[in-house]
A.B. asks: 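Following this message is one structure expressed as structure tokens.
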Amino acid sequence: MSAPQVNLTFPNGGKSSFSGGLFINNEFVPAQSGKTLAVINPATGKEIAQVAEADAKDIDIAVKAAREAYNNVWGEKVPGHKRGRLLLKLADLVEQHIDELAAIESLDNGKPVSIAKGFDFTEVIANLRYYAGWADKNHGKVIEVDSSKLTYTRHEPVGVCGQIIPWNFPALMFAWKIAPALATGNTIVLKVAEQTPLSGLRMCQLIKEAGFPTGVVNVVAGFGPTAGAAIAAHMDIDKVAFTGSTLVGRNIMKAAASTNLKKVTLELGGKSPNIILKDADLEQAVSWAAFGFSFNTGQCCCAGTRVYVEEAIYEKFMEKLLVKVKSIKTGDGFQGDTFQGPQVSQLQFDRVMGYIQQGKADGAKVLTGGERHGTEGYFVQPTVFTDVNPDSKISREEIFGPVVVVHKFKDQQDLIRIANDSIYGLAAAVFSRDVSRALETAHALKAGTVWVNCYNQINPQVPFGGYKASGIGRELGEYALSNYTNVKAVHVNLNIPAPL
Ligand code: ADP
């Protein structure tokens, strides 16, 4: 039995062929069960490939490979500067193949090729280079106690890391996970999302080409309740990093708690408030607000899906928002001027449409959108709801589609309470020309990221993560290094006499 092969033809005529096997020990192999799973193009609903489908047995094999690599050819056996060189090589290879990778991502996830290239893979490269820089700079320190001893800390790798990623930014989440883990000397068993396995598998070829030793990075496609759950519960995985829904995040934590208490970091859902104060630059606020909820077809955990507009500018804001949202170009990601592609799957399409129906049934007003776009694929019209009951489902639950609810507010103090009245706390934004009002608001919001006069700004250098049920730990920046290191304190006796 051999691993399945992926042969893609893009709507623009380009082609790409690579293995759809499980990437274990630097080889592409079939699943032990021989099973494969279907990959669907969300713009058409048609199957484009089959890839190997891992289950618990394959996870065991991948973990053994990662453990062996950790013990023998990686970890502290390879100095930081050499790990950094490998990450830089990988970044160069991704850059060389960026057009092919962006086309793969667009076909598999539905996002526009131009955004896959200009945002996703540009950020993949930036992340790999950023953490390459950290690989030889993440060290402990000497801690002054007294002259009787020398005390210092070491930042040691955690060991074998399990990483489970979602389908909304397939390649970027791959990079957010592997870059800090590899820079700090860990080995990896990563599960790509079953909906979007292709860009990750294509990048595995580049990982091999870059020269990472056998077994350092192992990547599998597979379903959550089988392959994903096997990672979360594995006794020989030292840490699990997860990005996805809050529901599954709870399961990951339970599995870790009831097995080996592996370290857990979680990046989960959100229902982020976006606050427009009356002294905001109106044109800018409207544009950023539209971008904030519709970017990536609303499939962003940090999407600005609750917009609060101060009463004095509400009517004008809504007028302009309507024009802006109506101008969003929805369609196939391979058409040059598309901004919004399809939802990723039939399931997600049905979920989003279900929320829209629920909103209508609950009496909210659809200002624009509210229907399916076109007749094939999983496209949803960008949708703006007003006159929404703040306790209704569409106002409180994460929809993960291009749907925003807009509320009017009068009193700023009350607004902070309302904005913070959510189980989530991933992101928030405030628009104002008054720096004191803007920063007072930013500091009062309970969220891991607050954008002032902008939205969806993400940089490799800046931490990202959630308050409350939006997660545990921070990705990106120097902060993410601590997810992947154990701190060891070493006490060296200089002249303390033995007490006994
Ligand atoms: P969504 O609902 O947006 O698809 P999920 O949280 O279900 O997000 O999926 C994110 C990732 O988590 C995917 O890789 C998925 O396969 C995985 N996953 C889903 N369920 C589980 C589970 N029970 N245990 C571990 N991983 C899971």
Side-chain angles (χ1 to χ4, degrees), residues 22 31 35 37-40 42 51-56 58-59 62-63 108-111 161-174 176-178 188-201 218-234 237 239-259 262 264-271 296-303 305 342-352 354-355 378 380 397-403 424 426 466 469-472 475:
L22 310 174
K35 280 194 194 163
L37 62 85
V39 186
I40 307 291
V51 299
E53 179 202 325
D55 63 22
D58 305 291
I59 298 299
V63 172
D108 195 1
N109 165 281
K111 66 180 68 202
C161 296
Q163 304 184 318
I164 301 173
I165 62 171
W167 43 260
N168 55 346
F169 295 94
L172 185 55
M173 292 303 102
F174 187 95
W176 279 25
K177 294 284 182 283
I178 70 164
I188 292 170
V189 175
L190 181 146
K191 190 188 88 60
V192 292
E194 59 272 27
Q195 299 87 346
T196 55
L198 299 183
S199 58
L201 294 178
N218 304 278
V219 176
V220 302
F223 291 101
T226 49
I231 290 175
H234 205 287
I237 289 184
K239 182 231 154 45
V240 61
F242 170 77
T243 298
S245 61
T246 295
L247 190 76
V248 173
R250 286 182 205 279
N251 290 334
I252 303 274
M253 208 158 170
K254 274 188 211 149
S258 61
T259 52
K262 54 179 69 64
V264 178
T265 45
L266 303 173
E267 203 267 273
L268 307 175
K271 187 77 181 175
N296 210 41
T297 318
Q299 301 172 142
C300 290
C301 45
C302 55
T305 49
Q343 309 310 124
V344 78
S345 64
Q346 180 76 50
L347 188 73
Q348 287 301 316
F349 173 84
D350 291 343
R351 280 194 62 213
V352 174
Y355 273 111
Y378 312 133
V380 175
E397 295 182 12
E398 182 174 46
I399 297 175
F400 233 61
V403 182
Y424 297 115
L426 189 59
S470 288
I472 297 175
E475 297 199 270

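Every number for a ligand or one of its atoms is a count from 1 in the order of the listing.
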A.B. asks: Kindly write out the residues that satisfy side-chain contact (heavy atoms from CB on, under 4.5 Å) with Pro42, not counting sequence neighbours, or none if the list is empty.
C.D. replies: Pro342, Tyr378
A.B. asks: I want to check something: taking the side chain as every heavy atom from C-beta on, are Leu198 and Val51 in contact at a cut-off of under 4.5 Å?
C.D. replies: yes
A.B. asks: Considering heavy atoms of the protein only, find what lies nearest to atom 15 (C) of ligand 1 and give residue, atom and distance to 0.1 Å.
C.D. replies: Glu194 OE1, 3.6 Å
A.B. asks: What protein heavy atom sits nearest atom 5 (P) of ligand 1, and how far away is it?
C.D. replies: Ser245 OG, 3.7 Å
A.B. asks: Taking only heavy atoms of Lys191 into account, list the atoms of ligand 1 that are under 4.0 Å away from them.
C.D. replies: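 Those atoms are 13 (C), 14 (O), 15 (C), 16 (O).
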A.B. asks: Quick one: does Ala229 get a heavy atom under 4.0 Å from ligand 1?
C.D. replies: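 True for this residue.
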A.B. asks: Listed by chain and number, what are the side-chain contact (heavy atoms from CB on, under 4.5 Å) partners of Ala229, not counting sequence neighbours?
C.D. replies: none
A.B. asks: Do me a favour and list the nearest non-hydrogen protein atom to atom 22 (C) of ligand 1 with residue, atom name and distance?
C.D. replies: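 Answer for atom 22 (C) of ligand 1: Gly224 O, 3.5 Å.
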A.B. asks: Could you check atom 7 (O) of ligand 1 against the protein and tell me its nearest heavy-atom contact, residue, atom and distance included?
C.D. replies: Val248 CG2, 3.7 Å
A.B. asks: Return the residue, atom name and 0.1 Å-rounded distance of the protein heavy atom closest to atom 26 (N) of ligand 1.
C.D. replies: Gly228 CA, 3.6 Å
A.B. asks: Is the backbone of Glu475 close enough, under 3.5 Å, to the side chain of Glu267 for a donor and an acceptor to pair up by distance?
C.D. replies: no
A.B. asks: Donor-acceptor check, side chain of Thr226 to backbone of Asp55, threshold 3.5 angstrom: yes or no?
C.D. replies: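 No; judged by distance alone, with no hydrogens or angles, the pair does not exist.
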A.B. asks: Is the closest protein non-hydrogen atom to atom 18 (N) of ligand 1 under 4.0 Å?
C.D. replies: yes
A.B. asks: Looking at atom 14 (O) of ligand 1, what's its closest protein heavy atom, distance included?
C.D. replies: Ile165 O, 2.7 Å
A.B. asks: With heavy atoms under 4.0 Å as the rule, classify the contact between Asn168 and ligand 1 as side chain, backbone, both or neither.
C.D. replies: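 Neither; nothing of Asn168 gets under 4.0 Å from ligand 1.
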A.B. asks: Compare all side-chain heavy atoms of Thr305 with those of Ile399 and state whether any distance is below 4.5 angstrom.
C.D. replies: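 No; the side chains remain at least 4.5 Å from each other.
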A.B. asks: Ignoring hydrogens, just give me the one of Phe223, Phe400, Trp167, Phe242 whose non-hydrogen atom is nearest atom 3 (O) of ligand 1.
C.D. replies: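 Nearest heavy atom to atom 3 (O) of ligand 1 lies in Trp167.
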A.B. asks: Return the minimal non-hydrogen interatomic distance between Gln163 and Ile188, and the atom names on each side.
C.D. replies: OE1-CG2, 3.5 Å
A.B. asks: To the nearest 0.5 angstrom, please state how far the CD1 atom of Ile231 sits from the SG atom of Cys161.
C.D. replies: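 With rounding to 0.5 Å, CD1 (Ile231) is 11.5 Å from SG (Cys161).
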